[in-house]
Amino acid sequence: MNSEVSERGERGTGEAAGVAAGGGGRTDLATEAFIAHRNLLFTVAYEMLGSAADAEDVLQETWLRWAGVDLGAVRDRRAYLVRITTRQALGRLRTLGRRKESYVGSWLPEPLLTAPDVAEDAELADSVSMAMLLVLETLAPTERAVFVLREVFDLDYDEIAEAVDKTPAAVRQIAHRARAHVAARRPRGVVSPAETRDALDAFRRATETGDLQSLLDVLSPDVVLLGDGGGVKKAILRPVMGADKVARLLIGGMGKVPGAASMEPAQVNGCPALVLRIDGALDTVVAVRIDDGLITGLYAVRNPEKLSHMLQETALRR
């Protein structure tokens, strides 16, 4: 992938690594290892946090700790870096949980503009999808860390135990519990990108033309709409449930948009999504969850503080 993660994070860790590299060969090796695994570390942190801004901060903290490590005592640099990142993300996850308690309206994960190669890795795309990240939000911090490291990155139980400061036996139990928890809540069956694009195309046409029946045809009877304006932009403060309520709200809302509105397809978190622009400016990212061919979840992110990673592609790795 040619793109890099956000300019702020790339500049921050890049400058820190560059300063360290001026200190000699040992720090050059540390810098090379960090840069080589940076996209992987970002992906670990993002999947644990659902926030790209916080994931970038975790990478800053990871670099500062990594720069002081005796590399001669490190057998597996990738595993060691993942361990540092996991520990920093766990601490950040607990802080983020307190922030969410005072968040205005629904809190949704921060959307990422991703390149086609993310979608080509089906497991990675599924793990970073908006629907899956919302399922991961229902796990306790340690459960989330164990699930992500085991199910997405395929770390062995001993490595995970070191990262979360548990015994391997305890990690196995946590992994089993988290796996069952996620399985009961994740989308039913595998949905291909083509199916998602078809549903989004039908959704876009119906919404733009005000065709209520066509919109109802693509929505599940028990569809849920979540909006995230963060108290900065106007958005629904509570979930809206039911196809009729959601459809009428969406069509009514599109009719009140102040300016020229257009919806265009985008690759968001490894999955097809829609971007709403008003007078050409990015306004909202709309991601979906699909079960049995119908849209069961609509996630509309308007908070401008969460849209900075929609300006350029973010590199994700496993």
Side-chain angles (χ1 to χ4, degrees), residues 40 43-51 55 82 85-86 89-90 93-94 96-97 100 106-112 114 118-161 163-164 166-196 199-200 219-226 239 241 268-273 287-299 316-318:
L40 163 72
T43 308
V44 170
Y46 176 73
E47 292 211 26
M48 286 183 59
L49 300 169
S51 165
V82 168
T85 301
T86 301
L90 275 171
L93 187 57
R94 295 180 177 104
L96 189 57
K100 291 174 188 174
S106 299
W107 184 95
L108 289 174
E110 189 173 345
L112 307 176
T114 50
V118 176
E120 291 167 6
D121 184 339
E123 290 186 11
L124 177 60
D126 176 68
S127 71
V128 298
S129 70
M130 194 73 73
M132 178 57 77
L133 289 175
L134 285 170
V135 172
L136 295 182
E137 284 291 312
T138 65
L139 292 170
T142 301
E143 288 178 332
R144 184 168 184 168
V146 170
F147 181 87
V148 167
L149 295 178
R150 181 63 183 172
E151 299 300 314
V152 181
F153 297 96
D154 199 29
L155 268 65
D156 64 41
Y157 291 112
D158 289 340
E159 288 180 296
I160 299 172
V164 300
K166 301 283 185 183
T167 66
V171 165
R172 286 179 182 275
Q173 291 181 336
I174 294 170
H176 177 76
R177 186 167 63 244
R179 198 178 299 116
H181 181 98
V182 170
R185 292 163 177 81
R186 71 189 308 164
R188 299 185 294 272
V190 177
V191 180
S192 71
E195 288 179 279
T196 304
L200 282 170
L219 298 178
S220 168
D222 57 355
V223 63
V224 177
L225 168 64
L226 299 177
M241 293 173 279
V268 176
N269 289 54
C271 303
V288 297
R289 168 174 170 158
I290 295 178
D291 292 279
D292 302 324
L294 297 174
I295 296 174
T296 57
L298 279 162
Y299 315 115
L316 301 176
R317 291 287 185 273
R318 283 202 297 161

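Position 1 is the first residue of the sequence, and the numbers go up from there. Predicted model, so just to flag it, every value in this text is computed and none were measured.
Taking every heavy atom of both residues into account, Pro168 and Asp158 meet most closely at CG-OD1, 3.2 Å. Nearest heavy-atom pair, Val223 versus Gly297, reported as atom, atom and distance to 0.1 Å: CG2-N, 4.1 Å. Closest heavy-atom contact between Ala89 and Leu49: O-CD2, 3.5 Å. When all heavy atoms of Pro272 and Pro193 are compared, the closest pair comes out as CG-O, 3.6 Å. Closest approach of Phe153 to Arg317, counting heavy atoms only: CE2-O, 3.5 Å. Scanning both residues, Ala125 and Cys271, for their nearest heavy atoms gives O-SG, 4.0 Å.
Note: Asn269 CG to Glu110 CD = 9.5 Å, rounded to the nearest 0.5 Å. A distance of 10.0 Å separates CG in Leu316 from CG in Asp121, rounded to the nearest 0.5 Å. With rounding to the nearest 0.5 angstrom, the OG1 atom of Thr142 is 5.5 Å from the CG atom of Leu90. For the atom pair OG of Ser192 and CD1 of Ile290, the computed distance is 8.5 Å after rounding to the nearest 0.5 Å. Here the straight-line distance linking atom CD of Glu195 with atom CG of Asp292 works out to 10.0 Å at 0.5 Å rounding. To the nearest 0.5 Å, atoms CG (Leu134) and CZ (Arg185) are separated by 13.0 Å.
Without hydrogens or angle criteria, Thr85 side chain to Ala45 main chain gives no donor-acceptor distance under 3.5 Å. The backbone N or O of Thr296 lies less than 3.5 Å from no partner atom in the side chain of Ser220, so there is not a single donor-acceptor pair. In terms of modelled atom types and a separation under 3.5 Å, the side chain of Arg144 and the main chain of Glu47 share a donor-acceptor contact. Between the side chain of Gln173 and the backbone N or O of Ala170, no donor-acceptor pair lies under 3.5 Å.
In this structure, Glu123 places its CD atom where only 12 or fewer heavy-atom neighbours from other residues, nucleotides or ligands lie under 6.0 Å away.
For the pair Leu149 and Val82, the minimum side-chain heavy-atom distance is below 4.5 Å. Within the 4.5 Å cutoff, side-chain heavy atoms of Met130 are placed close to those of Pro111. Side-chain contact check for Arg150 versus Ile160: some heavy-atom pair is nearer than 4.5 Å. A heavy-atom distance below 4.5 Å is found between the side chains of Thr86 and Val44. At a threshold of 4.5 Å between non-hydrogen side-chain atoms, the residues Val171 and Val164 count as touching. Two residues are said to be in side-chain contact when any heavy atoms from C-beta on lie closer than 4.5 Å; Ile174 and Phe147 fail this criterion. Looking at heavy atoms from C-beta onward, Leu139 lies in side-chain contact with His181 at the 4.5 angstrom threshold. Side-chain contact check for Glu143 versus Arg177: some heavy-atom pair is nearer than 4.5 Å.
A salt bridge links Arg186 with Asp126: at least one charged nitrogen is closer than 4.0 Å to a carboxylate oxygen.
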task = Could you walk me through whether Thr196 and Val288 pass side-chain contact (heavy atoms from CB on, under 4.5 Å), step by step?
result = CA-CA 8 Å; Thr196 304; Val288 297; 4.0 Å; yes

request  = Begin with the C-alpha distance, continue with both residues' side-chain angles, and end with the deciding distance and a verdict on side-chain contact (heavy atoms from CB on, under 4.5 Å) for Tyr46 and Leu133.
outcome  = CA-CA 9 Å; Tyr46 176 73; Leu133 289 175; 3.5 Å; yes

task = Check the pair Leu219, Leu294 against side-chain contact (heavy atoms from CB on, under 4.5 Å), reporting the backbone distance first and the verdict last.
result = CA-CA 5 Å; Leu219 298 178; Leu294 297 174; over 6 Å; no

key: Trace of the side-chain contact (heavy atoms from CB on, under 4.5 Å) decision for Val224 with Leu298   = CA-CA 6 Å; Val224 177; Leu298 279 162; over 6 Å; no

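For the pair Arg289 and Tyr299, the NZ or CZ position fails the cation-pi test of under 6.0 Å to the six-membered ring centre and within 45 degrees of the ring normal.
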